[in-house]
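Everything on this sheet refers to the single structure shown next.
Because the structure is predicted, anything quoted here is derived from the model rather than measured. Every chain is numbered from 1, with letters handed out A, B, ... down the list of sequences. Side-chain atoms are counted along with the backbone in the values below, which use heavy atoms only and exclude waters and symmetry mates.
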Protein chains: 2
Amino acid sequence: MTGEQQARKRDAAATKAALLDAAEELFAERGFDRTTVRDIAKRAGANQALLFRYFGSKESLFGVVMARGGLAQLETTPPEQLFETTLRTLLEPPRDGSPHRSLETYLRSTGSSGAGTAMHEQVGEEYARVLATLTDQPDAQLRADLVLAWLLGIGLVRSVTGKEPLASADPDDIVRLIRPAVQTLLERNGQPG
Amino acid sequence: MTGEQQARKRDAAATKAALLDAAEELFAERGFDRTTVRDIAKRAGANQALLFRYFGSKESLFGVVMARGGLAQLETTPPEQLFETTLRTLLEPPRDGSPHRSLETYLRSTGSSGAGTAMHEQVGEEYARVLATLTDQPDAQLRADLVLAWLLGIGLVRSVTGKEPLASADPDDIVRLIRPAVQTLLERNGQPG
DNA sequence: CCGGTTTGTAAGCACCTGCTTACAACGCTA
DNA sequence: TAGCGTTGTAAGCAGGTGCTTACAAACCGG
């Protein structure tokens, strides 16, 4: 709820931005399916017809939201810090002005629309590609997928299902437990049997 | 030739079972939200009004489906094999007569209804409790949650988003890569800093 | 055969969904 | 100031949702 409903009288750019912000929040909180265009318009303080005028459809808006900030963190974080940085972002409560919440949206929108699928592929591919640079082992891609899977699983258990003690655990403790295990995964040769 | 639809003429028990089977399949395939009561009734070859007569509501049916077979694997698998067994179940394509698909449903129904939340808590709690017996370290519960998170994350990336190379990887390879990392997670003392 | 109960069916209700349309209010500019 | 494109609004549409109701057909004990 941006409290400037009266302040913005005739400003298409601001309305578009408000719709995008509201959509980003709601998609991250509820996923694609359980977010309605009426909810988005209401939170943005705009008429829902404008959503369709500016973005065409709900799916198209979803795509714009994902494209806008989905990969920002990825581009500004060195690979060797990506795992820990992403993990901490996922673990900390969403602050204003924090990186965009693409992984959360990824989680909450599993099994949703076609737009969701395309987004899944893109976001997952990008993260895994960077993570794969962290190991010289032959199965680099697969190992990277497993790291990504862990990130997503932690986000799932923590922010979606709220399972304790994980949900309330100190991010430092989680990082301390996980780091050596990830190191094992990335560095150890696969051994037969 | 009498068609199979007439074969079950007046048999409430069989109709209930058919509805349960259909619901279990569809919830696992699409999650709670994207499964409609009309779909369930259609796959079961039954009238949708019967679904409400026998189960009261869609949410209630969901609860019955989860309660029916959700924890079967948990009760018949020794703790030290639980991780690998569950992982392999998650990795293999669903066969007929295979264990119930509670974790898949868990995944696909994230962020769904209240019934989904209750189920999430129950299933997650049971798995984590058993997994926690695998370590003597102080943070046993937290470590168990992290193992569970990895399981769910792998299921998510593999069966929901279909990301390659994980989606098509040999289960043996995945197990070989993951086992030492899980061992590290469970056995290693948390070290400060 | 009769009456009541159980099982199955078709139709519909009230609500929600994404999306569209018709129109009013505004502000630029000629 | 008159005209006109732009921005915002209210109302509604077509289809889908969970769920209910009214009723017919089958079964069973008497």
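A distance of 4.5 Å separates CD1 of B/I178 from CZ of B/F83, quoted to the nearest 0.5 Å. Taking CG of A/L156 as the start and NZ of A/K163 as the end, the distance is 12.5 Å to the nearest 0.5 Å.
Note on B/F55: nothing from the nucleic acid sits closer than 4.0 angstrom, heavy atoms only.
Between B/K42 and B/D39, no side-chain nitrogen of the basic residue sits less than 4.0 Å from a carboxylate oxygen of the acidic one, so the salt-bridge criterion is not met.
The aromatic rings of B/F62 and B/F32 stand perpendicular to each other, their planes meeting at an angle above 60°, with 30° marking the opposite boundary.
Atom-to-atom, CZ of B/R34 to P of D/dT17 comes out at 10 Å; the value is rounded to the nearest Å. The distance between atom CG of A/D11 and atom C1' of D/dT9, rounded to the nearest whole Å, is 17 Å. C/dG18 atom P lies 8 Å from atom CD1 of A/I40, rounded to whole Å. The CG atom of B/L19 sits 11 Å away from the P atom of C/dT9 (whole-angstrom rounding). Taking atom CG of B/L50 as the reference point, atom P of C/dA10 lies 11 Å away to the nearest angstrom. Rounding to whole angstrom units, NZ of residue A/K58 and P of D/dG16 are separated by 16 Å. In this structure, A/K42 atom NZ and C/dC16 atom P are separated by 12 Å, rounded to whole Å. Following rounding to the nearest Å, A/E59 (CD) and C/dT17 (P) show an atom-to-atom distance of 17 Å.
Listed pair B/Y54 / C/dG8 meets the phosphate criterion, a side-chain N or O lying under 4.0 Å from OP1 or OP2. OP1 or OP2 of C/dT7 has not a single side-chain nitrogen or oxygen of B/T15 nearer than 4.0 Å.
Within the 4.5 Å cutoff, side-chain heavy atoms of B/L177 are placed close to those of A/L146. Side-chain contact between A/R88 and A/V175 is present, with heavy atoms from C-beta onward closer than 4.5 Å.
With the nearest nucleotide of DNA chain C identified for both B/R38 and B/A13, B/A13 has the one nearer the 5' end.
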Pairs under 3.5 Å (Watson-Crick or G-U), crossing ones as [ ], inter-strand ones as |: DNA chain C comes out as ||||||||||||||||||||||||||||||
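Counting non-hydrogen atoms of neighbouring residues, nucleotides and ligands closer than 6.0 angstrom, the CG atom of B/D170 exceeds 12 such neighbours.
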Set out, line by line, the N/O atom pairs under 3.5 Å between protein and nucleotides 20-30 of chain D.
residue	atom	partner	partner atom	Å
D/dA26	N3	B/R10	NH1	3.4
D/dA26	N3	B/R10	NH2	3.3

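Applying the ring pair (Phe, Tyr, Trp, His ring centres under 6.0 Å) test to every pair with at least one member in residues 134-166 of chain A, sequence neighbours left out, gives these pairs: A/W150-B/W150.
The two residues A/L166 and B/A149 make their nearest non-hydrogen contact at CD1-CB, 4.4 Å.
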